[in-house]
Structure formats: structure tokens, C-alpha cells
Amino acid sequence: MRSPLSSAAHTVALVALVAGSLAVASCSSSSKPTTPPSATYPEPDRAAAATKLLTGPDWYRHAVVYEVNVRSFQDSNGDGLGDLKGLTSRLDDLKSLGVDALWLMPIMPTPFKDSGYDIADYQAINPDYGTLADFDALLVEAHKRSMRVMIDLVLNHTSDQHAWFKDSRSSKTNPHADWYVWSDTPSDPNVGCGTFSAQFGASAWELAKERNQYYFHRFYKQQPDLNYRSPAVVKATLDATRFWLDRGVDGFRCDVIGLLFESATACDMIPETKDYIRQLRAVLDSYPDRAMVAESTNYSSAADYFGDGKDMFHMAFNFAYGYFWGIPFSGTLSSTLEQPFLDSQSKNPLGAQDALVIGSHDVARAYDSAQSIESRWRRAAFVQMTMPGTPYVYYGEELALRPGSTAVVDNRDYARTPMVWTKAAPGYGFTTGTPWIPFGDVPEQTSVEGEKADASSNYAFYKQLLAVRRGRAAFGTGALKVLAVDDPSIVLFTRSSADETYVIAMSMDETDPHTGTAAGAALPGDPQLLFGDATLVRSGADAKITVAAAGMAIFRVK
Ligand SMILES: [Ca+2]
Ligand SMILES: [Ca+2]
């Protein structure tokens, strides 16, 4: 389904924006004006501002992060598996899109029973993806381009093929005997939890015949939970963290870290887990400019992950939006859309930074969550880029990549299909061989090559949106103020830094245009349209906004 957002008028507005953001003299707009003459504000050197914002310990607050499934991104040797050399060869493409940092899904050796989230060695590279030398080369090339590299750190469990577990299961007396959670029976009064979800089996306990005991696993049985009550496990995992920091990684995305310790009554972010996270933070703080982001297992609030705002995570995913945005977008109430962001503002400590997603390796492609409605996935991304936080773009969302239908490990593989670089079947620029998993639907319609050539494409939309954020501190760290509009389907809010204020407008209604008034909005100046298409007029302290069906816009008002 195509939406009105593909209209020529919309395209012209976007193109005009890009010209403006690059300070290229242009009067390209020939469509009928939909907005009153804009105010103009002094335009600082945005490239210099971006460099400043992205340098130093707060870089992560202003960066656009891109989640890469290395296996599906770019194959360099024709074996059908993406690899580190392939990824390195695509850094310029990512830079050109507006990406500042990468998050790599697990790159360590793995039997791949859980797509790499079952690690067999914390201090090596999956040979399918290359070598440590290839990884070092990736870091060098990324840093040369002022891009950061974060990697997935999976600490709750290892693979059952990890040497630690092979040793641990061999007897009750070996040096790793207490590195995992063992019980004489398939239960333990001190472990009050089962598997994380039904997907991972009926029992969280699996018999190891060698020692005639059961080990605890919250996920697949091939993923035994580490026993963090063993000081040796704490030391070994913190050492593994240092191993990657010493190589120069800029940070970590920490998988299900709330689940490290179990108790009789609770298994998520219990006090001992928080103590470990503080130790992990201290390790990061002993290196300059490193950051870590938590995969929260509390989908309503990630406040617990931030501690006092300085001693635990730098960032945590706001899944109240990230996992559930399909719900507000299936209705028309602005308040439903705004709530997860207001909650985060009120619950999180000062200094907390949300990480914002609309897609990831764990959930359906945005195309699916949007029920294939283009204006819906675009507005979801628009919210991701304008609400407070650091956006994490899942690879391929900039192409509106369609889901696949083949599961190699489990049905999350539908969102883990190969990147589509060119329009040329059968490898589409991803591989010269046979891809490890088939492409998603209609790859010929969702290639970087094709999207780059189309000014109204999803890729162009992302690129232009990221260009608006670039060098504007208000989006990374500015205050949020939601403006009350007398029309409940209009989303209207401001983002303000010390020097600049932006108004963001969006319609939840996909059928009709809407006009509403924000009484007492007290905008500091007249609006200048920067992105999208809407009409905003100041009238005394009030502001009148008109937005098309499924419309969106960003104005500068100071
Ligand atoms: Ca390969
Ligand atoms: Ca655990």
C-alpha cells in the first residue's frame, strides 16, 4: 500500500530540506506552498557542531547507531555468509546514510543454536566472520571515519560448547564445577524462575549425565546460565570485557543482563545483578569514551538499569515504544503514542539516555509491525528520530526490508535476511554465492541501489531525517515538552537545547487532515519548516497546527 507521503509535494519538501541542511543554495521547490513564509534563524556550521557533539564521553547521546547482523550484511568471499571484511567494505555506505556508530550482533565463536547468542569463546572471532585481525582492521577503518563500534556482550549464559561448560559438566570437582547453576533435582528452591518464555522449553533444568546433576538455563538448553555467585565467573567475564575494550571497541550492547543472578523470589535485576552492573560500569569508566546499552527485560520501564544515572548503564532500550509501537499506530490517539516517552522522562534518573528502536533482530520487521502501511512505518521512524534518546536503526529498516519466510534457527530469522545492495539477482550485491538464508520478499524492490535513485524512497526518507538530527543537540539531549492540542489525534511536542527549539508535529490519523490549537504553547519564535509538510502559525501564546493525514513535520522556532 502506498500512502499520501509518497506524493510529489512531500518529496519536494524533503529534497528542499536536504539542500538546506547542506547549505547548498537552491530554490528547487516548485510545488504549491503549503506553509506560510518561514522564519529564518542563523544556521551554525552543522558539520562542525556534529563533530563536537560526537566527540568525548557524551558521543553516544548524539549518535545514530545502526544494528548490524554481520552474517547477513555483506559477504566478501562468496560463501554466502556475511563477514567482517564485507562489513568493512560497506562503512562508506553507512557513513553516507548518516550512521555514527555500529552495534554488531554477536561475532564470537558459536554453535549457532541461538544465532550467536550462545557463545563458545568470549575472546575470539567466529571463523565464519573472519579473524581478530579482520576485527582490528574494521575498528581502524571505522575510527578513521569517526564511526564507533559497539559489540554484543552475552553474559547471562554461554554455549554448552564453551570450554568452561564442558569442564563444568564433566565432574563435581573440576576447576569450573561451580561456574554454572547446578542442582541435584530439576529445580532449586533458590532459583525461583523457569525458562524466559515458552519458546525455550518447558523446563529450565537439563540433566548432565556426567555429573548426574541438572543445570539451569533460562533460554535454550544449549545455553547454560553462568553462576555469578562464583567470584571466578565475575572475574572471567569482566576480563573478557577488558579484552575487547583493550582492542578498542567503543562499547557494548548487553544481552538480557537483568537475568544474571537468580533468587528464590525474583530473577530480574535483583540487587546482586545491579552490583555486578556497577562493576561492569567501573571497568568501562577506566577507558575513555566508552558506553554500554542494556537490553532491558522489563518492557514497561528501564529505570532500574540506570542506577543513580552515572553508575550503571549509559543507555537502555525503551521497549514500551520499541516493542509495542504497532499499538498506538493502529489507533489515532496521540496520548497513547506519547505515553512511553513521558513515562521514561518521569521514571528515569537524571542522566539516563533512552535507546530507541522500531525494529531489531528479536522482533518483526517494521514493515510487518506497520501492517505494510508505508506512512505508518515512516512515522514510527520519525518518532524514533525525534523523541528523546539515541536511535538504533536495525539494518535494512532504511529500505523497509520485507520479512523473509525461512527459519534456520527460529522464526526471528524472518527479520534477519540478507541486506539487499543491488537490483541484480540472485545475490543482490550481498553475495556471489548462495546466501545462508533466502532474501526477504521482493528484494528487487528494496535495494540500496534502487532506493538511492529514488528521491521519494524509504532510504531517502531516512537519510534526510538523519541529516536533520545531525549537529542539533536538541534531538540527542534536549528537553521534551508535549504540547496539549485540542485535537486528540495530533502529536505536538518541542525539543529544546540551550540555543534552539524545535516543534515536532505528526498526525495519528491516516485518513483525514487535522487542524488543532495548542493553547498557551508559548513558542519562542515563528516557525521555520525543516522537514516534512504541515502548517504551524503562532497566534499570541497559542499555536495553530494543520497536518495532513499521516502527516509529519519538524519546525525550528528558535
Ligand atoms: Ca563470507
Ligand atoms: Ca542467570
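Every number for a ligand or one of its atoms is a count from 1 in the order of the listing. Since we're looking at a predicted model, the values are computed, not measured.
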By atom name, which N, O or S atom belonging to Asp225 lies closest to the Ca ion (ligand 2)? OD2
Parallel, tilted or perpendicular: which one describes the rings of Tyr215 and Phe165, with boundaries at 30° and 60°? perpendicular
Taking atom CD1 of Ile151 and atom CD1 of Ile125, what is their separation to the nearest 0.5 Å? 7.5 Å
With the Ca ion (ligand 2) at the center, what angle do O from Leu260 and OD1 from Asn156 span, rounded to 10 degrees? 110°
Set out, in order, the CA-CA distance, both residues' side-chain angles and the distance that settles ring pair (Phe, Tyr, Trp, His ring centres under 6.0 Å) for Phe439 and Tyr428, then state yes or no. CA-CA 9 Å; Phe439 288 90; Tyr428 297 100; 4.9 Å; yes
Decide, yes or no, whether a salt bridge links Arg218 with Asp225 under the criterion of side-chain N to carboxylate O below 4.0 Å. no
What residues, two or more places apart in sequence or in another chain, satisfy side chain to side chain contact (heavy atoms under 4.5 Å, CB included) together with Val256? Asn156, His157, Phe219, Leu259, Glu295, Thr297
Carboxylate-amine/guanidinium proximity below 4.0 Å for Asp255 and Arg253: yes
I need the OE2(Glu262)-the Ca ion (ligand 2)-O(Leu259) angle, rounded to 10 degrees. 90°
Out of Gln384, Arg61, Gln353, which one pairs with Thr390 under the side-chain hydrogen bond (donor to acceptor under 3.5 Å, both in side chains) rule? Gln353
For the Ca ion (ligand 1), protein N, O or S atoms at a distance below 3.0 Å amount to 5
